[in-house]
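Have a look at the structure below before the remarks.
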2 protein chains.
Amino acid sequence: MSLPDSQGPDSQSPHSPLSRRRTGIPEATVARLPVYLRVLGSLAESGVTTVSSDALAVAAGVGSAKLRKDLSHLGSYGTRGVGYDVEYLVYQISRTLGLTQHYSVAIIGVGNLGHALANYAGFASRGFQIVALVDADPRRVGEQINGLEVRHLDELETVVKEHEVSIGVIATPAASAQDVCDRLVSCGVTSVLNFAPIVLAVPDSVDVRKVDLSIELQILAFHEQRKSSHASEVGAG
Amino acid sequence: MSLPDSQGPDSQSPHSPLSRRRTGIPEATVARLPVYLRVLGSLAESGVTTVSSDALAVAAGVGSAKLRKDLSHLGSYGTRGVGYDVEYLVYQISRTLGLTQHYSVAIIGVGNLGHALANYAGFASRGFQIVALVDADPRRVGEQINGLEVRHLDELETVVKEHEVSIGVIATPAASAQDVCDRLVSCGVTSVLNFAPIVLAVPDSVDVRKVDLSIELQILAFHEQRKSSHASEVGAG
DNA sequence: AGGACTTTGTGAACAGATGCACAAAGCGCT
DNA sequence: AGCGCTTTGTGCATCTGTTCACAAAGTCCT
């Protein structure tokens with residue numbers, strides 16, 4: 001989608017109408033599928049085998065019409081009068097999202113955040129495997145984190161090719177993020193998850209998603225402010 | 001805000017047409033303002049005093065028409081034929097986002113991620129101040145992080161009221177997130193930033209934004225898959 | 001002062017996403 | 001088999017967001 005435009009959770013790449021036509025799945029739907037998948041996962045764990053769009057919608061925090069429309073993009077996998085088979089739906093969503101494939105992930109930058117990411121268990125689940133940790137600081141090189149040895153930034157290209165990394169996670173300071181990104185892209189990485197507070201410039205063929213604490217806080221601040229001024233504004237008219 | 005609906009970077013709370021009318025600022029615009037703000041900040045540091053919508057748009061990774069329309073929601077702060085005064089625009093955006101106010105932030109959960117957040121410098125900038133760290137694990141209570149002492153979860157209510165926390169950051173395991181959230185809400189916290197991989201249920205009056213690594217990865221996976229199948233599909237027709 | 005040039009701000013067309021409401025489809029009970 | 005109940009899937013209206021394209025408004029140069 002992305003216009004040459006934005007990246008980031010929100011306005012996330014519109015990804016060109018073309019891709020939309022190819023997959024038939026709207027971007028807004030794609031962004032919600034992982035949520036459904038997670039909810040379905042816990043339902044399955046609880047022994048639930050069948051779920052209605054209403055129940056699933058409540059659990060996922062969306063409207064039921066929206067949910068049904070979302071699922072209808074994948075095909076007709078429900079049974080009228082009954083609902084959806086949990087296990088089957090999990091499979092279909094996973095397949096649609098491409099989670100039946102395997103993805104090798106490299107984390108660049110092993111500071112506080114990088115450490116947290118490297119240790120994050122949920123990471124490894126669902127086909128994502130961390131295969132490399134890279135840092136520019138020689139003092140951190142060689143350190144073992146979660147069974148992986150930190151490699152030096154100089155080896156980035158080697159490491160990426162060696163492990164056929166498909167997703168690069170940038171957890172470096174802002175100053176080095178663009179450089180790291182460029183190097184990832186030139187090694188053939190086409191998906192980047194960016195934690196650095198900076199807008200990355202990439203070719204159209206590369207997908208970037210950003211996670212940005214500070215932006216989220218500022219959005220919350222906006223609404224928080226609106227709430228505080230609420231009383232007076234309502235009073236005023 | 002937010003419909004009983006979604007939370008999270010993407011489909012973020014449509015925030016009811018009403019609020020839209022009250023502030024006059026579309027949600028999509030609000031989500032981009034922090035990006036503009038950041039870019040303007042670095043421009044200012046570089047000594048730039050005036051910037052055109054085109055230049056700013058490129059730096060922010062959006063289209064220039066979109067940027068102008070976004071800014072036009074705040075008022076007419078540009079000069080035709082010239083552009084925008086960087087410093088003045090920074091001020092106007094800050095004011096609009098409510099960053100001229102002060103926000104007290106509490107972080108609940110001081111595991112790997114909580115640690116990283118507590119040490120994150122950019123946090124304290126722009127009016128956000130971490131005033132409390134809370135954890136359920138007695139072994140972590142008392143620890144000093146970045147000059148703040150970790151308090152026990154039992155004291156959550158006390159701590160929140162004591163520091164007049166306006167934003168709660170949930171960095172706990174999924175299992176305790178809803179409980180923590182409920183307690184925050186019952187203490188009067190109306191803005192929550194959720195890092196736990198779970199959909200939080202909150203009253204309409206509370207804003208939740210979520211940051212979810214695993215969802216972002218899955219969205220990337222979807223597009224990555226689309227790219228790999230690209231070659232064959234194009235070949236096939 | 002006046003004209004060429006630049007750049008903003010915005011009306012209008014378009015595109016995408018959401019929500020409503022209901023027909024179609026299946027289940028289970030008699 | 002038939003009837004009533006439940007729930008999906010979707011056409012349609014609506015709303016939100018994006019993009020285009022241009023008039024209005026300003027600067028700079030002569």
Side-chain angles (χ1 to χ4, degrees), chain A residues 1-6 10-21 23-33 36 50-58 60-86 88-89 92, chain B residues 1-6 8 10-21 23-33 36 49-58 60-86 88-89 92:
Chain A
M1 357 232 94
S2 44
L3 320 191
D5 242 6
S6 67
D10 273 283
S11 54
Q12 214 83 16
S13 15
H15 250 240
S16 95
L18 268 167
S19 66
R20 165 69 191 291
R21 199 159 299 122
T23 69
I25 304 194
E27 196 56 25
T29 295
V30 171
R32 281 186 297 264
L33 289 178
Y36 304 154
T50 282
V51 69
S52 72
S53 64
D54 248 327
L56 185 52
V58 169
V62 303
S64 67
K66 196 192 275 186
L67 181 130
R68 286 199 300 278
K69 190 152 287 190
D70 282 345
L71 294 184
S72 77
H73 288 294
L74 323 193
S76 266
Y77 299 133
T79 308
R80 292 168 195 239
V82 178
Y84 300 89
D85 181 83
V86 173
Y88 187 53
L89 197 50
Q92 290 298 344
Chain B
M1 350 255 101
S2 39
L3 321 190
D5 241 5
S6 66
D10 274 282
S11 54
Q12 214 82 19
S13 16
H15 251 242
S16 92
L18 269 167
S19 67
R20 166 69 190 293
R21 200 157 300 122
T23 68
I25 306 196
E27 196 57 23
T29 295
V30 172
R32 283 186 295 264
L33 289 179
Y36 304 154
T49 60
T50 282
V51 69
S52 72
S53 63
D54 248 327
L56 186 51
V58 168
V62 302
S64 68
K66 196 191 274 186
L67 181 128
R68 286 199 301 277
K69 187 149 285 189
D70 282 345
L71 294 185
S72 76
H73 289 294
L74 323 191
S76 266
Y77 299 133
T79 306
R80 294 170 195 236
V82 178
Y84 300 88
D85 182 84
V86 173
Y88 187 53
L89 197 50
Q92 290 298 344

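Every chain is numbered from 1, with letters handed out A, B, ... down the list of sequences.
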How about A/L33 and A/L74: do any of their side-chain heavy atoms sit closer than 4.5 Å?
yes
Kindly point out which of [options] is positioned nearest to the side chain of [X]?
X     : options               : result
B/R68 : D/dT10, D/dG26, C/dG9 : C/dG9
B/S52 : D/dT18, C/dA17, C/dT8 : C/dT8
A/S72 : D/dT8, D/dT10, C/dC27 : D/dT10
B/P26 : D/dG17, D/dT18, D/dG9 : D/dG17

Would you say [N] has OP1 or OP2 under 4.0 Å from some side-chain N or O of [X]?
X     : N      : answer
B/S76 : C/dG9  : yes
A/S53 : D/dT8  : yes
B/Y84 : C/dT6  : no
A/K69 : C/dT18 : no

Distance in angstrom units between [X] [atom1] and [N] [atom2], rounded:
X     : N      : atom1 : atom2 : value
B/K66 : D/dC20 : NZ    : C1'   : 14 Å
A/D70 : D/dT8  : CG    : P     : 14 Å
A/L56 : D/dT7  : CG    : C1'   : 13 Å

For a quick check, tell me whether the side chain of B/R80 and the base of C/dT7 share a donor-acceptor pair closer than 3.5 Å.
no
Evaluate the side-chain contact (heavy atoms from CB on, under 4.5 Å) criterion for residues A/L71 and A/Y36: first the C-alpha distance (whole Å), next the side-chain angles of each, then the deciding distance (0.1 Å), finally the verdict.
CA-CA 10 Å; A/L71 294 184; A/Y36 304 154; 4.3 Å; yes
